[in-house]
**Student:** 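Dropping a structure here in structure tokens format, bear with me for questions.
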Amino acid sequence: MHQSKILGTGHYVPPRVMTNDEIAKMVDTSHQWIVERTGIHQRRIADPKVDIPSEMAYKATLKALEAAKLQPNDIELILFSTTFPDMFFPNTATQLQLKLGITNNCGCLDMNAACTGFMYAFTLADGLIRAGMYKTILVVGAEMTSGFNNWKDRNTCILFGDGAGVAILGRTPAGEKSGVKSHVLSGDATKGEHLMLRGGGAAIPINAENVGTDVQCVVMDGKEVFKAAVKTMASHAEQLLAEGNTSMDQVDWFIPHQANLRIIEAVANRFNFPLERAVVNVDRYANTSSATIPIAMDEAIRDGRIQRGQTLMLTAFGAGMTSGGALLTY
Ligand code: ACO
């Protein structure tokens, strides 16, 4: 059996910065309220004429290929997590294949587990490499949340941002320690109604009556999502540590889903884990859904915080309610 190793990472965020003060001109809120309740100071917003998910993923992947010293044709499979694909079909993974100029007909799969999507794709990639079926897999989280954000709803529009993060997974060379020690994936459909984007699919097609209404936007019960997120991420962290035979003080970096600083603090506090060893960028990018973990991981690798051989804990949660994580040696 092969272990998998993160060969290279990359991220891209669109250049347009939207501040809290700008949002306060659209809805009844303030910079102070948003910072106190979420830790968010600003977010990036994509120009859809330039930066749809496949394009953001393309820009992030070029950086990851360079870091991994690989060529586009080395990729054998693309697992593309997004909640807002370029289009229903062809899938966004194929659009990325096209942009990268891949000519080897590699496999292309879109995945949607909302904000947890990257962890589902990452876990699948790890399993396929362990099984010996693939040697090099591109795992993507790329999101244009501004496409479904309701700019009239102060409960939700303050929370989200756009961006992409990717990781290229390959086989761990013999004699190296890199690899996943434990992983967890879960779903709890009984809490599904707390966070939804209902329209546009088969259940509620967009028609003349409902076009422009909130069926086209995210609707959320923030308090319920908050409670479920803290509970699930904390219990998943416990499971990851137990199954990975690791204690929390052996974790060098905690890379949580970036939804709200208070959620990150609450989970870290349950383990007395110092916040300085949590990778946090929700202040700058807000919640980029399934892109938050690979963006945060890439930033911390590039600025030298994360070093080879260190132990990382990744945990995410999202609509569904889905949740997932991994404990690994980088
Ligand atoms: N500005 C000012 N006031 C606001 C705002 C705002 N932007 N939003 C809500 N309020 C008001 C509410 O209307 C409420 O007023 P009321 O008491 O008169 O009814 C008051 O502030 C308090 O609202 P709460 O819901 O109690 O505020 P809370 O402290 O729970 O914070 C928040 C709200 C930030 C949404 C929080 O619950 C949260 O972050 N939840 C998690 C959300 C999340 O992470 N979603 C993404 C999930 S991941 C995915 O898959 C997409």
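Computed from heavy atoms alone, side chains included, the values below leave out hydrogens, waters and symmetry copies. One-based numbering, in listed order, for ligands and for the atoms of each.
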**Student:** For the side chain of D298 and the backbone of H11, is there at least one donor-acceptor N/O pair under 3.5 Å apart?
**Tutor:**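 Between the backbone of H11 and the side chain of D298 there is a qualifying donor-acceptor contact (under 3.5 Å).
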**Student:** Ignoring hydrogens, just give me the one of I158, D153, T38, D221 whose non-hydrogen atom is nearest atom 34 (C) of ligand 1.
**Tutor:**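 Comparing heavy atoms across I158, D153, T38, D221, the nearest one to atom 34 (C) of ligand 1 lies in T38.
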**Student:** List ligand 1 atoms under 4.0 Å from M220, heavy atoms only on the residue side.
**Tutor:**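 This gives 35 (C), 42 (C), 43 (C), 45 (N) as the contact atoms.
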**Student:** Give a yes or no on whether the backbone of V251 and the side-chain of R277 come within a donor-acceptor separation of less than 3.5 Å.
**Tutor:**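 Between the backbone of V251 and the side chain of R277 there is a qualifying donor-acceptor contact (under 3.5 Å).
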**Student:** Please list, in number order, the atoms of ligand 1 under 4.0 Å from a heavy atom of L195.
**Tutor:**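 Answer for ligand 1: 47 (C), 48 (S), 49 (C), 50 (O), 51 (C).
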**Student:** Tell me whether N210 contacts the main-chain N or O of P205 through its side chain, where contact means a donor paired with an acceptor under 3.5 Å.
**Tutor:**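 At least one qualifying donor-acceptor pair exists.
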**Student:** With respect to atom 30 (O) of ligand 1, which of K223, M196, K227 exhibits the smallest heavy-atom separation?
**Tutor:**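 Answer by nearest heavy atom: K223.
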**Student:** Between Q97 and Y58, do the side chains contain an N or O donor and an N or O acceptor separated by less than 3.5 Å?
**Tutor:**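 Side chains of Q97 and Y58: no pair found under 3.5 Å.
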**Student:** State which residue, out of I168, V166, L7, fulfils the side-chain contact (heavy atoms from CB on, under 4.5 Å) condition with L65.
**Tutor:**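 Answer after filtering I168, V166, L7: I168.
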**Student:** Does any N or O of ligand 1 fall below 3.5 Å from an N or O anywhere on S289, backbone included?
**Tutor:**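 No, since none of the N or O atoms of S289 sits under 3.5 Å from an N or O of ligand 1.
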**Student:** Considering only the protein, which heavy-atom contact is closest to atom 40 (N) of ligand 1, and what is its distance?
**Tutor:**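 Here the closest protein heavy atom is G222 O, 3.0 Å.
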**Student:** Just which atoms of ligand 1 are under 4.0 Å from any heavy atom in N260?
**Tutor:**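 Heavy-atom distances to N260 below 4.0 Å select 34 (C), 38 (C), 39 (O).
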**Student:** Using a 3.5 Å distance criterion without hydrogens, assess whether the side chain of R302 forms a donor-acceptor pair with backbone atoms of T9.
**Tutor:**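 Yes, R302 side chain to T9 backbone: donor-acceptor pair under 3.5 Å.
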**Student:** Using protein heavy atoms only, decide if any is under 4.0 Å from atom 27 (O) of ligand 1.
**Tutor:**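 Given the 4.0 Å cut-off, atom 27 (O) of ligand 1 counts as touching protein heavy atoms.
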**Student:** Can you check atom 17 (O) of ligand 1: any protein non-hydrogen atom closer than 4.0 Å?
**Tutor:**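 Under 4.0 Å from atom 17 (O) of ligand 1, zero protein heavy atoms found.
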**Student:** Determine whether any protein heavy atom is located less than 4.0 Å from atom 21 (O) of ligand 1.
**Tutor:**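 Looking at atom 21 (O) of ligand 1, one finds that a protein heavy atom does lie closer than 4.0 Å.
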**Student:** Please list the nearest protein heavy atom to atom 29 (O) of ligand 1 with its residue and the distance rounded to 0.1 Å.
**Tutor:**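 The closest heavy atom on the protein side is R37 NH1, 2.8 Å.
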**Student:** If we ignore hydrogens and angles and just use 3.5 Å, is the side chain of S178 paired with the main-chain N or O of T172 as donor and acceptor?
**Tutor:**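 No: the side chain of S178 does not pair with the backbone of T172.
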**Student:** So is N287 polar-close to ligand 1, meaning N/O to N/O under 3.5 Å?
**Tutor:**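 There is no such contact.
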**Student:** Heavy atoms only: which of N155, V282, V225 lies closest to atom 9 (C) of ligand 1?
**Tutor:**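 The option holding the nearest heavy atom is N155.
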**Student:** Tell me, please: is M321 in heavy-atom contact with ligand 1, that is, under 4.0 Å?
**Tutor:**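 No, M321 has no heavy atoms under 4.0 Å from ligand 1.
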**Student:** Ignoring angles and geometry beyond distance, decide whether A319 reaches within less than 3.5 Å of ligand 1 through its nitrogen or oxygen atoms.
**Tutor:**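 Checking ligand 1 against A319, an N or O pair does fall under 3.5 Å apart.
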**Student:** What protein heavy atom sits nearest atom 48 (S) of ligand 1, and how far away is it?
**Tutor:**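 Checking every protein heavy atom, the shortest distance to atom 48 (S) of ligand 1 gives C115 SG, 3.1 Å.
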**Student:** At a 4.0 Å threshold, what atoms of ligand 1 neighbour a non-hydrogen atom of F160?
**Tutor:**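 Heavy-atom distances to F160 below 4.0 Å select 51 (C).
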**Student:** Salt-bridged, D126 to R130, with N to O below 4.0 Å?
**Tutor:**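 Yes, this pair counts.
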**Student:** Which heavy atom of the protein is the closest neighbour of atom 5 (C) of ligand 1, given with residue, atom name and distance?
**Tutor:**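 Result: W33 CH2, 3.3 Å.
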**Student:** What do you reckon, is CD of E176 surrounded by more than 12 foreign heavy atoms closer than 6.0 Å?
**Tutor:**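 Yes, the 6.0 Å shell around CD holds more than 12 heavy atoms from other groups.
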**Student:** Has the side chain of R43 got a donor or acceptor atom that lies under 3.5 Å from a matching backbone atom of A286?
**Tutor:**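 No; zero donor-acceptor contacts below 3.5 Å.
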**Student:** For atom 14 (C) of ligand 1, state whether the nearest protein heavy atom is under 4.0 Å away.
**Tutor:**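 Given the 4.0 Å limit, the answer for atom 14 (C) of ligand 1 is no, no protein heavy atom qualifies.
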**Student:** Taking both backbone and side-chain atoms of H257, is any N or O found less than 3.5 Å from an N or O belonging to ligand 1?
**Tutor:**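 Checking ligand 1 against H257, no N or O pair falls under 3.5 Å apart.
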**Student:** State whether the number of non-hydrogen atoms from other residues, nucleotides or ligands found under 6.0 Å of K135 atom NZ is greater than 12.
**Tutor:**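 Result for NZ/K135: open.
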**Student:** With the threshold set at under 4.0 angstrom, would you say I34 reaches ligand 1 through any of its heavy atoms?
**Tutor:**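 In this structure, I34 fails to qualify as a contact of ligand 1 - no heavy atom is under 4.0 Å.
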**Student:** Give the numbers and elements of all ligand 1 atoms closer than 4.0 Å to a heavy atom of T29.
**Tutor:**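 Ligand 1 atoms under the 4.0 Å threshold to T29: 1 (N), 2 (C), 6 (C), 7 (N).
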**Student:** If we count only N and O atoms by modelled type, under 3.5 Å, do the side chains of T82 and N112 hold a donor and an acceptor together?
**Tutor:**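 Side-chain D/A pair, T82 to N112: absent.
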**Student:** Please state which option from R154, E143, E36 has its nearest heavy atom closest to atom 11 (C) of ligand 1.
**Tutor:**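 Nearest heavy atom to atom 11 (C) of ligand 1 lies in R154.
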**Student:** Would you say atom 32 (C) of ligand 1 has a protein heavy atom nearer than 4.0 Å?
**Tutor:**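 There is no protein heavy atom less than 4.0 Å from atom 32 (C) of ligand 1.
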**Student:** Closer than 4.0 Å to some heavy atom of A259 - which atoms of ligand 1 meet that?
**Tutor:**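 The list of qualifying atoms is 44 (O).
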**Student:** Do the charged groups of E224 and K227 touch, with an N to O distance under 4.0 Å?
**Tutor:**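 Yes, this pair counts.
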**Student:** Go through the side-chain N and O atoms of T156 and N150 and say whether any donor and acceptor fall under 3.5 Å apart.
**Tutor:**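 Absent: no donor and acceptor within the cut-off.
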**Student:** Taking only heavy atoms of D28 into account, list the atoms of ligand 1 that are under 4.0 Å away from them.
**Tutor:**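 It comes down to these atoms of ligand 1: 1 (N), 2 (C).
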**Student:** Please determine which of V280, I295, I306 meets the side-chain contact (heavy atoms from CB on, under 4.5 Å) test together with I255.
**Tutor:**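 Exactly one candidate clears the test, I306.
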**Student:** Let's go through I158 and N20 carefully: what are the C-alpha distance in whole Å and the side-chain angles of both, what is the deciding distance for side-chain contact (heavy atoms from CB on, under 4.5 Å) to 0.1 Å, and is it a yes or a no?
**Tutor:** CA-CA 7 Å; I158 59 167; N20 292 340; 5.9 Å; no
**Student:** When only distance counts, is S30 in polar contact with ligand 1, meaning an N/O pair under 3.5 Å?
**Tutor:**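 In this structure, S30 places no N or O atom under 3.5 Å from an N or O of ligand 1.
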